[in-house]
Amino acid sequence: MNRIYLDHSATTPVDPRVADVMREYMLRKFGNPSSIHVFGRDAKPGLDVARSKVTSLLKCSPDELFFTSGGTEADNIAVIGYALKNRNKGNHIVVGGIEHPAVRNSAEELEQLGFKITWIQPDRYGEIIPGAVSEALTEQTILVSVMHVNNEIGTINDIGAIGAICRLQGITFHTDAVQSFGKIPINVTKMNVDIASVSSHKIYGPKGVGALFIREGIEVQPMTYGGHQERGVRSGTENMPGIVGLGKAAEICRSEINAEAERLTALRDLLYKQITAELDEVHLNGHPQKRLPGNLNLTFDGIEGEALLMALDLENIAVSSGSACSSGSTAPSPVLTAIGLTDEEAQSSLRITLGRENTRQDMEITANVIIKTVKRLRAMAGI
Ligand SMILES: *Cc1c(COP(=O)(O)O)cnc(C)c1O
């Protein structure tokens, strides 16, 4: 039986076109890009080409882009690295209330180091309201960090408005753009973003590689010390297969971004329509309009989300309850409780995230299995 993968916010399969270029940099162009000889010279252009491909999706200059070991490291350098380097300017940091653990735990670490953190609670759609960020700023604020798109509920924040507020106050603005990069347009210049984190494996590139945009003139303290690769921001021999893979993945996303966003929105809406046509008491989490094209996060009243997930798994359909990072734990999703769901409602929820390989037929099969399973589970529970 065919498998249906609907967990693209956790990770994506590597695009075959990406795997092809990676293979070349593992087998033939394996040299260290810092080496002077022909092997090094063969590898070096791959680094530059990948950098320019990523920058053309972010709209920044190649001098402002630094490759990292992933989104998590990019977030750590952005939040901790920026704060440590600039602590002489102030000790207050403003952070979104439903950030990915890579940002949330970095900010908590700063709290341990004596920084003051203000967490901005989202509205009931999961949006961080720019006015709330504005109100939290003080003379001591050095950094604001708010994610572009939430990884669980897909809500898109008004990064441009938050960026404009920060720019006006002369405060550095970081956004975790891991979930938006390659899927919806980002323009760090127009949006007044100063630091942005992205990851490769959420856009059909390999795992273990990401990038950080740091606007010219902004300084961060590195988290690794060594051979001064990536202009000292991230020492360590470059992960060349990963980096060229990320570059290729970014290039493909860039050429397909609008068409794919439209296609996924239509498939997502079809799935939602089919489910809600047959089932009552199904609630959409996140913003109904300002949401990532492929994200559907639903609460099924009276159902254990985990039970529904496992029933779908038995039918070879992969979805998630909450985020991949928190699954395995039975605690309700902190993102869902932050937007006002009770623990019970949060535990009755499912995250379905669509991607490139998904078809209309996948939606129909998935809708049918969900409908059948929810009806069965509700009947068993006497609802
Ligand atoms: C996946 C994810 C990360 C972490 O990126 P990795 O490359 O897996 O380390 C950070 N932020 C968000 C919003 C994510 O979805």
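Order of appearance sets the numbers: ligands from 1, and atoms from 1 within every ligand. The shown structure was predicted, so the numbers you read here are calculated from the model rather than taken from an experiment.
Ligand-side atoms of ligand 1 in range of His201: 6 (P), 7 (O), 8 (O), range being under 4.0 angstrom from any heavy atom. Residue Asp75 has at least one heavy-atom neighbour below 4.0 Å for each of these atoms of ligand 1: 10 (C), 11 (N). In the vicinity of Lys202, heavy-atom distances shorter than 4.0 Å reach the ligand 1 atoms 1 (C), 2 (C), 3 (C), 14 (C), 15 (O). Atoms of ligand 1 lying under 4.0 Å from at least one heavy atom of Gly70, given by number and element, are 7 (O). Residue contact check: Gln179 has heavy atoms under 4.0 Å from atoms 13 (C), 14 (C), 15 (O) of ligand 1.
Applying the 6.0 Å contact sphere to CZ of Arg23 captures no more than 12 heavy atoms from other residues, nucleotides or ligands. Other residues, nucleotides and ligands contribute over 12 non-hydrogen atoms within 6.0 Å of the CG atom of Leu27. Counting non-hydrogen atoms of neighbouring residues, nucleotides and ligands closer than 6.0 angstrom, the CD atom of Glu111 exceeds 12 such neighbours. Under a cut-off of 6.0 angstrom, the local environment of OH in Tyr5 is crowded, with over 12 non-hydrogen atoms contributed by other residues, nucleotides or ligands.
Neither the backbone nor the side chain of Thr11 has any atom closer than 4.0 Å to an atom of ligand 1 (non-hydrogen atoms only). By the criterion of a heavy-atom distance under 4.0 Å, neither the backbone nor the side chain of Glu73 is placed next to ligand 1.
For atom 9 (O) of ligand 1, the candidate residues are Thr68, Val178, Asn151, Thr72; the nearest heavy-atom contact is made by Thr72.
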Glu24 and Lys29: CA distance, side-chain angles, deciding distance, salt bridge (Lys or Arg N to Asp or Glu O under 4.0 Å) verdict
CA-CA 6 Å; Glu24 193 185 348; Lys29 299 184 178 173; 3.0 Å; yes
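Taking all atoms of both residues into account, the shortest heavy-atom contact from Glu238 to Pro33 is OE1-CG, 3.3 Å.
In terms of polar-atom proximity, defined here as any N/O pair under 3.5 Å, Gly71 does make such a contact with ligand 1. Between Ser9 and ligand 1, no N or O atom pair is found at a separation short of 3.5 Å.
When the options Lys202, Arg356, Glu357, Gln179 are evaluated for a side chain to side chain donor-acceptor pair (under 3.5 Å) with His8, the one that passes is Glu357.
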